[in-house]
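I have placed the structure first, in the form of structure tokens, so that the comments after it can refer back to it.
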2 protein chains.
Amino acid sequence: MQLNDTFSALADPTRRAIVARLARGEATVGELAAPFDISLPAISRHLKVLERAALISNVRVGKHRRCRLRPEALTGAQDWLEFHRRFWTGSLDRLAAHLKTSPRTKK
Amino acid sequence: MQLNDTFSALADPTRRAIVARLARGEATVGELAAPFDISLPAISRHLKVLERAALISNVRVGKHRRCRLRPEALTGAQDWLEFHRRFWTGSLDRLAAHLKTSPRTKK
DNA sequence: CGATGAATTAACTTACTGGTTATCTAATGC
DNA sequence: GCATTAGATAACCAGTAAGTTAATTCATCG
């Protein structure tokens, strides 16, 4: 389930920080790991989670591995949020309209 | 951490379904539980997670408890997604511009 | 008041997550 | 070929999450 993976990937602050970092440009695993004081294997697994969610991709260049964001990845989550937010502000509008149309039809 | 709560709340398909249902209008806990074949306590706890994420609120009406979505709740997550998506398509644009400006400055 | 019905809380189980250290793989440089 | 360096995998541990059934709260109805 793609949305599951996306949302749960983004639920972790370390992973969001990694995404934020990558939004500013590509980076190697080591560069990504540097700001955090957790072990490299931990970072490696975070990256794997992000990969499984299709949020990043990586390519081997020499002995480094260069990571980048995948532009299309966030759209699924964004669309979901957008759809439901609009839908229900829509309902609120309808409610407001209803209250306006039938002012004191209490009970 | 608000974004944590929001994203992890939305990471669960049952909770997303509940949000989707509520986007179409208020409902009692029992009504929300009906479509699922999990126990009521399980639903109750899902609702609590959604509450903690400020995605829903509820009010007691008689012996029922009526739930509704909170319009402002999704915006935090949405803003985060929007910001980073734009930022990094921005970087891609800059990359494209760079490639265009200096066509074959290879290595 | 006592019974019923809606929902939460408690206690428990199982599975997953995020971290660790230690080991392994693969590419570079001498 | 061997040492070094970047990174991934393995094995393990502690905390959290999601589900269950049983017990509890709270409001209505008779």
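Letters go in sequence order (proteins before strands), and every chain restarts at 1.
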Check against salt bridge (Lys or Arg N to Asp or Glu O under 4.0 Å), K48(A) and E51(A)
CA-CA 5 Å; K48(A) 217 150 162 188; E51(A) 259 178 78; over 6 Å; no
By the 4.0 Å heavy-atom rule, please label [X] as base, sugar-phosphate, or nothing.
X	result
T28(B)	sugar-phosphate
I38(A)	sugar-phosphate
R15(B)	sugar-phosphate

Separation of [X] atom [atom1] from [N] atom [atom2], in whole Å?
X	N	atom1	atom2	result
L47(A)	dA6(D)	CG	C1'	13 Å
N4(A)	dC16(C)	CG	P	13 Å
I43(A)	dT20(C)	CD1	C1'	13 Å
L32(A)	dA6(D)	CG	C1'	13 Å
R65(B)	dT9(C)	CZ	C1'	13 Å
F36(B)	dA18(D)	CZ	C1'	14 Å
F7(B)	dA17(D)	CZ	C1'	19 Å
L50(A)	dG18(C)	CG	P	10 Å

Rounded at 0.5 Å granularity, tell me how far CG in L10(A) sits from CG in L50(A).
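Going from the CG atom of L10(A) to the CG atom of L50(A) covers 7.5 Å.
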Would you mind telling me which of [options] lies closest to the side-chain atoms of [X]?
X	options	answer
V29(B)	dG7(D), dA18(D), dA7(C)	dA7(C)
S39(A)	dA27(C), dT21(C), dG7(D)	dT21(C)
A42(A)	dA27(C), dT20(C), dA18(D)	dT20(C)
L40(B)	dG5(C), dA22(D), dA7(C)	dA7(C)
P41(A)	dA10(D), dA18(D), dA27(C)	dA10(D)
R45(A)	dA26(C), dT9(C), dG18(C)	dG18(C)
H46(A)	dT9(D), dG18(C), dA18(D)	dG18(C)

Pick the closest DNA chain D nucleotide for K48(A) and for H64(A) by heavy atoms, then say which residue is nearer the 5' end.
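Of the two residues, H64(A) wins.
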Please tell me which of V61(A) and S44(B) maps to the more 5' nucleotide of DNA chain C, matching each residue to the nucleotide holding its nearest heavy atom.
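Looking at DNA chain C, the more 5' nearest nucleotide goes with S44(B).
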State which residue, out of R65(A), R66(A), E26(A), fulfils the side-chain hydrogen bond (donor to acceptor under 3.5 Å, both in side chains) condition with N58(A).
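Exactly one option meets the side-chain hydrogen bond (donor to acceptor under 3.5 Å, both in side chains) with N58(A), and it is R65(A).
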So which atom in Q2(A) and which in A53(A) form the shortest heavy-atom distance, rounded to 0.1 Å?
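Heavy-atom minimum between the residues: NE2-O, 3.0 Å.
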Would you call H84(B) and L69(A) a side-chain contact if the rule is heavy atoms closer than 4.5 Å?
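With C-beta onward as the side chain, the pair stays apart.
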